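Shown next, in structure tokens, is the structure this report addresses.
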Protein chains: 2
Amino acid sequence: MKKEHKACMSALLPVRDTLDVIGGKWKILILISIWEGNKHFREIERSIPKLSTKVLSKELKDMQANQLITRTVLNGFPVRTEYKPTAHSKTLKKVILELQDWGIKHRKQIFGDTSETDHSIRV
Amino acid sequence: MKKEHKACMSALLPVRDTLDVIGGKWKILILISIWEGNKHFREIERSIPKLSTKVLSKELKDMQANQLITRTVLNGFPVRTEYKPTAHSKTLKKVILELQDWGIKHRKQIFGDTSETDHSIRV
DNA sequence: GTAATCAGTTTCCTTTTGGTAACCAGTTAC
DNA sequence: GTAACTGGTTACCAAAAGGAAACTGATTAC
């Protein structure tokens, strides 16, 4: 009797999509920074230590393409850009909380860590 | 008045942990393959097209370290190894479903895709 | 003029990740 | 003997991601 090897992999396309949108080192950090109210390029950059201009620039473009943020150029003196979170971006909060929950449980599983540090996301 | 730039980043460590565990191109596929009942190295390898021996070997080690699977060597003739999912790994199903849900919504948001393809994960 | 701020882009380099293919050890079947 | 299967490891490359620093262009303040 042959094994079946059911694929089910088509169901994983949306999972991959999501990981592409929020995966990587910086995307969630940048999103949270913007959720917190940081609007301008340099402001966001300075709010996240070790984040380089180049990477921020690229990530912001990705996030714009994914409709997580909007970009508005304000015609002013030292030209300002305004990044704002979209309603669509807010739907990610549930996902992020789920990732956070599992991460906490996982830590306990691996390290038997029972410390009750504050892990809440305040965004 | 100075901006606050609340960090909240410590809350993101568990999120990063989770993304490290399930992120990457192959981890979820391998996990699902094992959930489906594939037990042996070559069996898992063959169940996932384009997956190389080297990468599978590395990913299985990671997943073992993260206690998602167990590895048992059966002393037999063409030496067989058995990989089995742990109870801990099953707790990831909820997370994966959440990622999948958001991915589907995201696709609709971006492409206005209203097709009702079967996206259920049967694992 | 100089210096500084904004919002990035460009160039170069290093690190990480992934892929290909050969190889090893052990056993079975021919 | 050879070939084929098991479960991997090793060496070598290619591509992608990430980081540091210089630079552009516009404007304001001095």
Side-chain angles (χ1 to χ4, degrees), chain A residues 1-3 5 9 12 16-31 33-34 37-66 69-84, chain B residues 1-3 5 9 12 16-17 19-31 33-34 37-66 69-85:
Chain A
M1 175 187 166
K2 277 187 75 180
K3 279 247 132 184
H5 298 311
M9 296 316 185
L12 288 179
R16 282 254 55 82
D17 288 346
T18 305
L19 289 177
D20 285 347
V21 172
I22 62 172
K25 216 167 170 179
W26 302 110
K27 295 214 174 73
I28 296 184
L29 271 72
I30 294 169
L31 192 55
S33 174
I34 294 174
N38 295 316
K39 288 178 169 44
H40 309 295
F41 192 91
R42 296 296 182 203
E43 191 178 21
I44 298 164
E45 188 178 10
R46 281 192 295 257
S47 75
I48 302 172
K50 306 277 177 185
L51 172 60
S52 73
T53 318
K54 191 187 84 176
V55 173
L56 177 57
S57 172
K58 189 213 148 218
E59 299 292 52
L60 287 174
K61 278 176 190 164
D62 282 2
M63 291 166 67
Q64 221 189 315
N66 282 316
I69 54 172
T70 58
R71 177 179 181 273
T72 323
V73 179
L74 309 172
N75 43 358
F77 325 125
V79 171
R80 307 217 87 190
T81 325
E82 227 178 55
Y83 293 96
K84 282 193 271 191
Chain B
M1 175 188 165
K2 276 186 76 179
K3 279 247 132 184
H5 297 312
M9 297 314 184
L12 287 180
R16 282 253 54 81
D17 289 344
L19 290 177
D20 285 347
V21 172
I22 62 171
K25 214 167 170 179
W26 303 109
K27 295 216 176 69
I28 295 184
L29 271 72
I30 295 169
L31 193 53
S33 175
I34 294 175
N38 295 316
K39 287 177 170 46
H40 309 295
F41 192 91
R42 296 296 182 201
E43 192 178 20
I44 297 164
E45 188 178 8
R46 282 192 294 258
S47 76
I48 302 172
K50 305 276 178 187
L51 172 59
S52 73
T53 317
K54 190 186 87 176
V55 173
L56 176 57
S57 172
K58 190 213 147 218
E59 300 290 52
L60 287 173
K61 278 176 191 165
D62 282 2
M63 292 166 68
Q64 222 189 314
N66 283 317
I69 55 172
T70 58
R71 178 179 180 273
T72 323
V73 179
L74 308 172
N75 43 357
F77 324 124
V79 171
R80 306 218 88 188
T81 325
E82 228 179 55
Y83 293 96
K84 281 192 273 191

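Order of the sequence lines fixes the chain letters, A, B, ..., with proteins taken first and strands second; residue numbering starts at 1 for each chain. None of these values were measured; they are calculated from a predicted model.
- A distance of 7.5 Å separates CH2 of A:Trp26 from OG of A:Ser52, quoted to the nearest 0.5 Å.
- Put simply, A:Thr81 has no side-chain N or O that comes within less than 4.0 Å of OP1 or OP2 on C:dC6.
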Sort me out a list of protein N/O and nucleotides 24-30 of chain C N/O pairs below 3.5 Å, or just none if empty.
none

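- Taking five base pairs at each end of the helix from C:dG1-D:dC30 to C:dC30-D:dG1 and finding the rotation axis that steps the C1' atoms of four pairs onto the next four gives two axes whose angle is 20°, to the nearest 10°.
- With values rounded to the nearest 0.5 angstrom, B:Asn38 atom CG is found 4.5 Å from B:Glu43 atom CD.
- Classification of B:Arg80 and B:Glu82 as a salt-bridged pair fails, no side-chain N sitting under 4.0 Å from a carboxylate O.
- Taking 3.5 Å as the limit, the base of D:dG8 and the side chain of B:Arg42 contain a donor-acceptor pair of atoms between them.
- The shortest side-chain heavy-atom distance between B:Leu51 and B:Leu29 does not fall under the 4.5 Å cut-off.
- Considering NZ of A:Lys25 and CZ of B:Arg16, their distance stands at 8.5 Å, rounded to 0.5 Å.
- Residues passing the side chain to side chain contact (heavy atoms under 4.5 Å, CB included) test with A:Asn66, sequence neighbours excluded: A:Val21, A:Leu68, B:His106.
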Please tabulate the protein-to-nucleotide N/O contacts below 3.5 Å involving nucleotides 9-14 of chain C, giving atom names and distances.
residue : atom : partner : partner atom : Å
C:dT9   : OP1  : A:Lys61 : NZ           : 3.2
C:dT9   : OP2  : A:Ser57 : OG           : 2.5
C:dT9   : OP2  : A:Lys61 : NZ           : 3.2

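- OP1 or OP2 of C:dG19 lies within a sub-4.0 Å distance of a side-chain N or O belonging to B:Lys25.
- Listed by chain and residue number, B:Lys27, B:Lys58, B:Glu59 satisfy the side chain to side chain contact (heavy atoms under 4.5 Å, CB included) test with B:Asp62 (two or more places apart in sequence, or in another chain).
- Base contact: B:Ser52 has a heavy atom under 4.0 Å from a base atom.
- Between B:Arg46 and D:dG7, a side-chain N or O to OP1/OP2 separation shorter than 4.0 Å is absent.
- Residues A:Ile30 and A:Ile69 have side chains not in contact (no heavy-atom distance under 4.5 Å, counting atoms from C-beta outward).
- To the nearest 0.5 Å, atoms CG (B:Leu31) and CG (B:Leu60) are separated by 10.5 Å.
- Every side chain to side chain contact (heavy atoms under 4.5 Å, CB included) that A:Arg71 has, sequence neighbours left out, goes to A:Gln64, A:Val73, A:Thr81, A:Tyr83.
- As rounded to whole Å, 13 Å separates atom C1' of C:dA7 from atom CD of A:Gln64.
- The phosphate of D:dG8 has neither OP1 nor OP2 within less than 4.0 Å of any side-chain N or O from B:Arg80.
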